[in-house]
Enquirer: 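Below you'll find the structure I mean.
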Amino acid sequence: MTKRLPVLLLLLLALPPSPAAAQEQGPPPEWEMTTYQLALLWRGENRSPIGERGIQRLQEEHLAWVGRLLADGTAVTAGPIGRGGELRSAIVLDVATTEEARTILDGDPWVRSGRMRAEIHPWWTGRGILRKPESHLRLERCMLALLRRPPGAPGYDDERRREIQAGHMEHIRSMADSGDLVLAGPLGDDGELRGIFVFRTLDLERLRGLVAGDPAVKAGLLGVEIFPWNVPRGTLPGP
């Protein structure tokens, strides 16, 4: 077992378990689990032109706001999304509830201006896995994968669900052992968005091939979107 592997033994559920199956599942004992709040910032309804100077002003205010959150530990990582289209940024907040996170996000100059909107989900992961960065201005690139339940996902009986889940977890282990995957975890609100992967590997075609081999993807229970994500250097686990 590699050092990465316990990080990834967080049950990334491809579908809600049946009541009987839920009794059999739980976090591994070697990690103290906690709930962060994952905020995805999407382009907002306010699209009125403000010019380059207006954009620069908002961005400077946003970076100062992010820097304060990272400095005091309210945020554990944050950064812009590349090639995300309507998805512009992602922030992980160390607060207990989505209501607290919503109040914090309302202070983001981009959100306050209506030019971005925050979608917030509780995210279940190991405490202390993400590390405090030395600077919020020195960034490194990783790849963020959003795992969604597709519309009209097929239903399976309990035995088949367990087989798919076991294969899904084994696939996570193999991606961790190969060094491609550094972080994974489920979202706790049982919505369409099921969980996230964070990859160090930047080769998009390789990543698409890896996630296509996930038994939950093959079974039609998960769809995966992958985006470049720039985060403060040193926050991710591993080297």
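Predicted, not measured: the structure shown is a model, and the values here were computed from it.
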Enquirer: Could you walk me through whether D108 and V66 pass the side chain to side chain contact (heavy atoms under 4.5 Å, CB included) check?
Expert: CA-CA 8 Å; D108 182 349; V66 169; 5.9 Å; no
Enquirer: Can we say E225 and R148 salt-bridge, meaning some charged N sits less than 4.0 Å from an Asp/Glu carboxylate O?
Expert: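 Yes, this pair counts.
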Enquirer: Atom CG in L207, atom CZ in R200: separation rounded to 0.5 Å?
Expert: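 Here the interatomic distance stands at 13.0 Å.
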Enquirer: I want to check something: taking the side chain as every heavy atom from C-beta on, are C142 and V182 in contact at a cut-off of under 4.5 Å?
Expert: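 When only atoms from C-beta onward are counted, V182 and C142 do not touch, as no gap falls below 4.5 Å.
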Enquirer: Salt bridge check, R102 against E99: does any charged N sit closer than 4.0 Å to a carboxylate O?
Expert: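 Looking at E99 and R102, the cut-off is not met.
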Enquirer: Does the pair D180/R206 count as a salt bridge with the N-to-O cut at 4.0 Å?
Expert: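 Yes, D180 and R206 are salt-bridged.
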Enquirer: So does S48 get a backbone contact from the side chain of N46, meaning a donor-acceptor N/O pair under 3.5 Å?
Expert: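 Pair found, side chain donor or acceptor close to backbone of S48.
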Enquirer: Go through the steps to decide whether E52 and Q56 satisfy the test side chain to side chain donor-acceptor pair (under 3.5 Å), and finish with yes or no.
Expert: CA-CA 6 Å; E52 290 186 9; Q56 181 179 356; over 6 Å; no
Enquirer: Does either side chain, that of D203 or that of T201, offer a donor lying less than 3.5 Å from an acceptor on the other one?
Expert: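 There is no such pair (donor and acceptor under 3.5 Å, judged by atom type) between the side chains of D203 and T201.
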Enquirer: Nearest 0.5 Å, please: how far is CZ in R112 from CH2 in W65?
Expert: 9.5 Å
Enquirer: Supply the atom-to-atom distance R149 CZ to E192 CD, rounded to the nearest 0.5 angstrom.
Expert: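 R149 CZ to E192 CD: 8.5 Å, rounded to 0.5 Å.
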Enquirer: I would like to know whether E159 and R162 meet salt bridge (Lys or Arg N to Asp or Glu O under 4.0 Å); could you show each step before the answer?
Expert: CA-CA 5 Å; E159 181 177 359; R162 286 192 291 269; 5.9 Å; no
Enquirer: In Å, rounded to the nearest 0.5 Å, how long is the span from CD1 of I129 to OG1 of T77?
Expert: 13.0 Å
Enquirer: Determine whether a donor-acceptor pair (N or O, by modelled atom type, separation under 3.5 Å) exists between the side chain of E100 and the backbone of T97.
Expert: yes
Enquirer: Taking side chain as C-beta onward, heavy atoms only, is I164 less than 4.5 Å from Y156?
Expert: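 SC-SC contact between I164 and Y156 confirmed.
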Enquirer: Might you confirm whether atom CZ of R138 has over 12 heavy atoms from other residues, nucleotides or ligands at distances under 6.0 Å?
Expert: no
Enquirer: About how many Å separate CG of L144 and CG of L40, when rounded to the nearest 0.5 Å?
Expert: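 CG of L144 is found 7.0 Å from CG of L40.
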Enquirer: Heavy-atom count check: over 12 atoms from other residues, nucleotides or ligands less than 6.0 Å from E134 CD?
Expert: no
Enquirer: Please identify which of these residues, L187, I226, L87, meets the side chain to side chain contact (heavy atoms under 4.5 Å, CB included) condition with L146.
Expert: L87
Enquirer: So does L210 get a backbone contact from the side chain of H171, meaning a donor-acceptor N/O pair under 3.5 Å?
Expert: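 Checked: pair present.
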Enquirer: Below 4.0 angstrom, N of the basic side chain to O of the carboxylate: do R88 and E119 qualify?
Expert: no
Enquirer: Does a side-chain N-to-carboxylate-O contact under 4.0 Å join R208 and E205?
Expert: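 Salt bridge flag = yes for E205 with R208.
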Enquirer: Does E170 come within less than 4.0 Å of R173, counting only side-chain N to carboxylate O?
Expert: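 Counted as a salt bridge, because a side-chain N and a carboxylate O are separated by less than 4.0 Å.
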Enquirer: Quick one: do E61 and W110 satisfy side chain to side chain donor-acceptor pair (under 3.5 Å)? Show the steps, please.
Expert: CA-CA 9 Å; E61 293 175 357; W110 284 112; over 6 Å; no
Enquirer: Out of curiosity, R83 CZ to F227 CZ, how far, rounded to the nearest 0.5 Å?
Expert: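 Atom-to-atom, R83:CZ and F227:CZ are 10.5 Å apart.
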Enquirer: Is there a side-chain contact between V198 and L236 in this structure, where contact means two heavy atoms from C-beta onward sitting under 4.5 Å apart?
Expert: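 Yes, close enough: below the 4.5 Å cut-off.
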